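Lettering of chains follows the sequences in order, A, B, ..., and the numbering in each one begins at 1. Keep in mind the model is a prediction, meaning the values are calculated, not measured.
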There are 2 protein chains.
Amino acid sequence: MTVRSRARTRALEDTCAIARSLGVLADPWSFLIIRETLFGRRTFAEFRDSLGIATDVLTDRLGVLVEHGVLQKVPYRAPQQRTRWAYEPTPAGHDLNIVLAALQQWGAAHLPRNELTVVPTSAQSGHPLRVAFVDTEGRSVSQGDAQFSSTARSDIEADPDRRSS
Amino acid sequence: MTVRSRARTRALEDTCAIARSLGVLADPWSFLIIRETLFGRRTFAEFRDSLGIATDVLTDRLGVLVEHGVLQKVPYRAPQQRTRWAYEPTPAGHDLNIVLAALQQWGAAHLPRNELTVVPTSAQSGHPLRVAFVDTEGRSVSQGDAQFSSTARSDIEADPDRRSS
DNA sequence: AAGGCTAGATTGGCATTGCCAACTCAGTCT
DNA sequence: AGACTGAGTTGGCAATGCCAATCTAGCCTT
């Protein structure tokens, strides 16, 4: 039985969208589970084996991610195999890719390791991409030009071409 | 005395930059402390009062953030006041703004609350900004065009809708 | 139809982290 | 000197995480 932790509940009810996002994602594993979906992993066993996460924690994290619409649990059957469950990213899950990319960009820049690394690239051109602030015309703006200011919710509703579908 | 947790250590030594970033940041409070710096908070007491975080946890989190170069502890003295400590964001700390903005964008879109919120805007024009993937020329590309590929192997897809069978 | 196999959890025991309140300590100010 | 106060520390306890062992329900074989 899943009982939502106090910390998650507090965060999820926050008026700040950052805090609510963290209510779903701020633990040692959730982001890494999403990362694994980028490499095509979908099943309980794949997550367990690639991450080395304790199975009870994995059960709980998958439940939280499904509950908040990041993943969707769908039956799946390979030929000659029994039915299994796959945890497929939803559109909301796909929208986390840019958060992961931003984290990757930051870690590569500020916690370097001189190792092989994975970078976002354009599927069309194959050229590398980066994560940046862009203005309403889609042109990137320097990091220093970005400031946070409060506004009403309706102002951010317009979200033109962010989602693919 | 601060002893680094096993989970942080494991993550910080990962070859994946996402995992290393999470080694510094993946807990219920670190991102929120960084968020508070966006609103000008700098001192122990300001973080404690605005976040309601337990003081022992705050001590530990500030230590971790200083240790990894996100914040810098500097003496600070207001007129007619005793010397106090301020935790100032470093350049690495400022670079986290885009991660926070990405989280805010995701939470506003997928965990809506119809509340006042804070959005990134251009300091120059005052127009709203958003976080996007951009190509080498600084033009935004659609989320669907972004895939993750390793610098060594280019066969890892970000697009999760294709599963081999 | 019975039995075995195995993916996907669940459970128990212990370690780590988080939370709260009370307490300490060291500069400042009077 | 003595009081004040910002910035932590400490102690007790609850919650979460980790690991190994165990359970369960579909599916397959016989």
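- Checked against side-chain contact (heavy atoms from CB on, under 4.5 Å), A:Asp145 has the following partners two or more places apart in sequence or in another chain: A:Val141, A:Ser142, B:Ser122, B:Ala123, B:Gln124.
- The closest donor-acceptor contact from the side chain of B:Thr90 to the backbone of B:Val70 lies under 3.5 Å.
- Residues satisfying the side chain to side chain donor-acceptor pair (under 3.5 Å) test with A:Gln72, not counting sequence neighbours, are none.
- Remark: A:Glu88 CD to A:Thr43 OG1 distance equals 10.5 Å, nearest 0.5 Å.
- What separates CD of B:Glu46 from P of D:dG6 is a distance of 12 Å, to the nearest Å.
- Taking atom CG of B:Leu51 as the reference point, atom C1' of C:dC19 lies 15 Å away to the nearest angstrom.
- Near DNA chain D, defined here as any heavy-atom distance below 4.0 Å, the residues from residues 8-44 of chain B are B:Arg10, B:Phe44, listed numerically.
- Residue contacts for B:Phe47: at a heavy-atom cut-off of 4.0 Å it reaches no nucleic acid atom on any strand shown.
- At whole-Å resolution of the value, CG in B:Leu58 and P in D:dG8 are 8 Å apart.
- Residues A:Val57 and B:Leu62 both approach DNA chain D. Their nearest nucleotides, taken by heavy-atom distance, put B:Leu62 toward the 5′ side.
- The stretch residues 17-38 of chain B participates, sequence neighbours left out, in these side-chain hydrogen bond (donor to acceptor under 3.5 Å, both in side chains) pairs: B:Arg8-B:Asp27, B:Asp27-B:Ser30, B:Glu36-B:Arg41, B:Glu36-B:Ser50.
- With sequence neighbours excluded, no residue satisfies side chain to side chain donor-acceptor pair (under 3.5 Å) with B:Arg61.
- Computed from coordinates, the B:Arg61 CZ to C:dG18 C1' distance equals 8 Å when rounded to whole Å.
- A:His110 is linked by a side chain to side chain donor-acceptor pair (under 3.5 Å) to B:Asp95, counting only residues two or more places apart in sequence or in another chain.
- Proximity of B:Tyr76 to the phosphate of D:dG6: no side-chain N or O atom is located under 4.0 Å from OP1 or OP2.
- Distance, B:Asp60 CG to C:dC19 P: 11 Å, rounded to whole Å.
- By the side chain to side chain donor-acceptor pair (under 3.5 Å) test, A:Glu137 is found to be paired with A:Arg139, residues two or more places apart in sequence or in another chain being considered.
- The shortest distance between the side-chain N/O atoms of A:Tyr87 and the OP1/OP2 oxygens of C:dA9 is below 4.0 Å.
- The NZ-P distance, from B:Lys73 to D:dG6, rounds to 16 Å in whole Å.
- Residues satisfying the salt bridge (Lys or Arg N to Asp or Glu O under 4.0 Å) test with B:Glu46, not counting sequence neighbours, are none.
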Open item on the list: Can you build the contact string for nucleotides 20-30 of chain C? Use B for base contact, S for sugar-phosphate-only contact, and - for no protein heavy atom under 4.0 Å.
Closed with: B------BSS-

